[in-house]
Amino acid sequence: MENNQRIELPQHLLDEVQRVISLFPEGKQKSALLRVLHIAQAHFGWLSVDVMDYVARLLHIQPIEVYEVATFYSMYDTQQVGKVKLEVCRTGPCMIEGAENIVNYIEKKLGIKDGETTADGIFTLKTVECLGACGYAPMLQAGEKFHEHLTEEKVDALIEAYRSNPVANYMGENQNG
Amino acid sequence: MARKLLLNNVHIEGIHNYDVYRKNGGYAAVEKALKTMSPEDVVEEVKKSGLRGRGGAGFPTGMKWSFLAKPEGVPRHLLCNADESEPGTFKDRYLMEKIPHLLIEGMILSSFALGANQSYIYIRGEYMFVLRIVEKAIAEAYANGWLGKNILGTGYDLDLSIMPGAGAYICGEETALIESLEGKRGNPRMKPPFPAIQGLWQRPTVVNNVETITAVVPIVNEGGDEYAKIGIGRSTGTKLISASGNVNKPGVYEIELGLSVEEFIYSDQYLGGMKNGKRLKACVPGGSSVPILPHYLVCKTANGEDRLMSYESLADGGFQTGSMLGSGGFIVFDEDQCIVRNTWNFARFYHHESCGQCSPCREGTGWMEKVLHRLEEGHGTIADIDLLWDIQRKIEGNTICPLGDAAAWPVAAAIRHFREEFEWHVNQPKESQIRNYGLVADKSFQTENA
């Protein structure tokens, strides 16, 4: 993101932020922080210091209160990432069903290593810990979607689909609201 | 025919929608409780049911509820723990995805029993697609008068909402969950004070697992005594088991507690036996934290009795020859799996997830990961195996929260039962890189004499 870009959520997301805050008692608006960070990351792509400072202002809390949360939880990106994050589960049950082969295959196919982003800025590959799909292993998460029972053919197809239509790499926008 | 209390309606088309759920008997328990029972009556039924926490600890739910402080004029809260992150466990996701109104109904009943008027479901951030399903169901429940002010004209008010985490196993620990719901890092709190006295925003709070809360629905519908008739001994009712690994039919199953492990693994009604006709090597019956069992202790206890899917039978023999029911994350390993590699994998998980507050856990999980990796890569020594044993002992019991124990137990059990496989990695470093060790020797004759 360019530094000079104006940091502000559009009105419908500001409304969503207000709705989330209203779910907590008066004065407990800090409880909305995790969800508001998801919304902000969804919209801005990642959590730059400017974005975190903006979130602090929205919630009337100190910037440090946002930084310490953003750096604790693994889903928040405080560095720029690709439009689509491919997060491959590597924990036990997925490992015994071949998660390592899936990671190797994606690395070779996209020419990037774990944690890296493709030159065109579309894909970031990341290995993650158990995502709760152990019975449907191996699996990866892209945006909000779980892709399960992975095979090399399935990986080919989903990479092709995301390449032609890079869905935003995020979670948090309320699609129901 | 095994009875199902939670998943009996799960295959009905559209059951995630309010209308279909309602038509199939949904919210009858709320009508019954709010119109004909007092909050104390509901607590009493839950006590009679013998229901125990389904998140892993197995603590009696009715007793946990009875600890809740009720100071005059201070609001109290019910929090649903939907942070399901224990490797091998995916049952709560299944429940919420397939039949979200069952959780909402359970939340209304449980909140009513506890006198809570503002309750929250805390769901792991990676389950955002599940959050959307539950949030839609909550909106439907509001629209149909099951949530909000003066529910069914009884004067009882309840607000319910769902909040996401953002990727932290530790937030499944109840005080870390509370911290997270306050918008902070998920660092567990020192206890006491317990959440029942000072929880969310320092108010009295109960935290219960998704499956525990949904179980309150059949308990209210059929009565605690009826519920207690299912199961065996102090393991009453049904349990959701998440099955994964080298079996023919992995997935989520609702079983009556007391089912034999052998039937669960080998019968076609459940896991359908080992995949590709391989032999069973080991089983982690209750999520990655619980002790791994070698093949000869999976279907039989050390005394030669049938091992059952119950809190007591899975723990039979203590940590020497038993394990735990835990969260019901049932991971099956066949003869081609490497125990050293899997133990390293789990150790890496706990190192990654340690919050870093307590030195024994922060440092110890990292050391265990490194030593195990060394052993797995064929660069370890016999002294490394003893070092591992020493590290895990120094973590267990020396931390604020149970993550330290959860990291120590799998390492201890792996060394206890599979030491010969660890030593083989040391003594045959080249061979151990190209093939797996296979089954360890049956040591049951030794434990008989112990």
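Residues Trp201(B) and Ser31(A) are in side-chain contact: their nearest non-hydrogen atoms beyond the backbone lie under 4.5 Å apart. By the 4.5 Å heavy-atom criterion applied to side chains, Glu129(A) and Tyr350(B) are not counted as neighbours. Annotation: side chain of Glu182(B) is not in contact with side chain of Lys28(A) (no heavy-atom distance under 4.5 Å). Glu65(A) has its side chain out of reach of Lys184(B): every pair of non-hydrogen atoms, C-beta onward, lies at least 4.5 Å apart. Looking only at side-chain heavy atoms (C-beta outward), Phe72(A) and Ile170(B) come within less than 4.5 Å of each other. Within the 4.5 Å cutoff, the side chain of Tyr127(B) has no heavy atoms near those of the Glu144(A) side chain. For the pair Leu34(A) and Tyr122(B), the minimum side-chain heavy-atom distance is below 4.5 Å. The closest side-chain heavy-atom distance from Ile96(A) to Arg341(B) is not below 4.5 Å.
With a 4.5 Å cut-off on non-hydrogen atoms, Phe346(B) touches chain A through its side chain but not through its backbone. Contacts of Gln337(B) with chain A are made by side-chain atoms alone, with heavy-atom separations under 4.5 Å and no backbone atom involved. When heavy atoms are compared at a cutoff of 4.5 Å, Glu97(A) approaches chain B solely by way of its side chain, counted from C-beta outward. Both the backbone and the side chain of Ala133(A) come within less than 4.5 Å of a heavy atom of chain B. Only the side chain of Tyr136(A) comes within contact range of chain B, with heavy atoms under 4.5 Å apart.
Salt bridge absent: Glu126(B) and Lys145(A) never bring a charged side-chain N and a carboxylate O closer than 4.0 Å. A salt bridge links Glu135(B) to Arg35(A): at least one charged side-chain nitrogen sits closer than 4.0 Å to a carboxylate oxygen.
Judged by distance alone, the side chains of Tyr73(A) and Ser180(B) do bring a donor and an acceptor atom under 3.5 Å apart.
In this structure a side-chain-to-backbone donor-acceptor pair under 3.5 Å is present from Asn345(B) to Arg90(A). Put simply, the side chain of His352(B) never gets that close to the backbone of Val128(A): no donor and acceptor are under 3.5 Å apart. Looking at Thr91(A), its side chain never comes within 3.5 Å of a backbone N or O of Pro87(B) through a donor-acceptor pair.
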Practice task
In sequence, state the C-alpha distance, the side-chain angles, and the governing distance for Leu131(A) and Arg124(B), and then conclude on side chain to side chain contact (heavy atoms under 4.5 Å, CB included).
Solution key: CA-CA 9 Å; Leu131(A) 293 180; Arg124(B) 64 179 302 182; 3.9 Å; yes
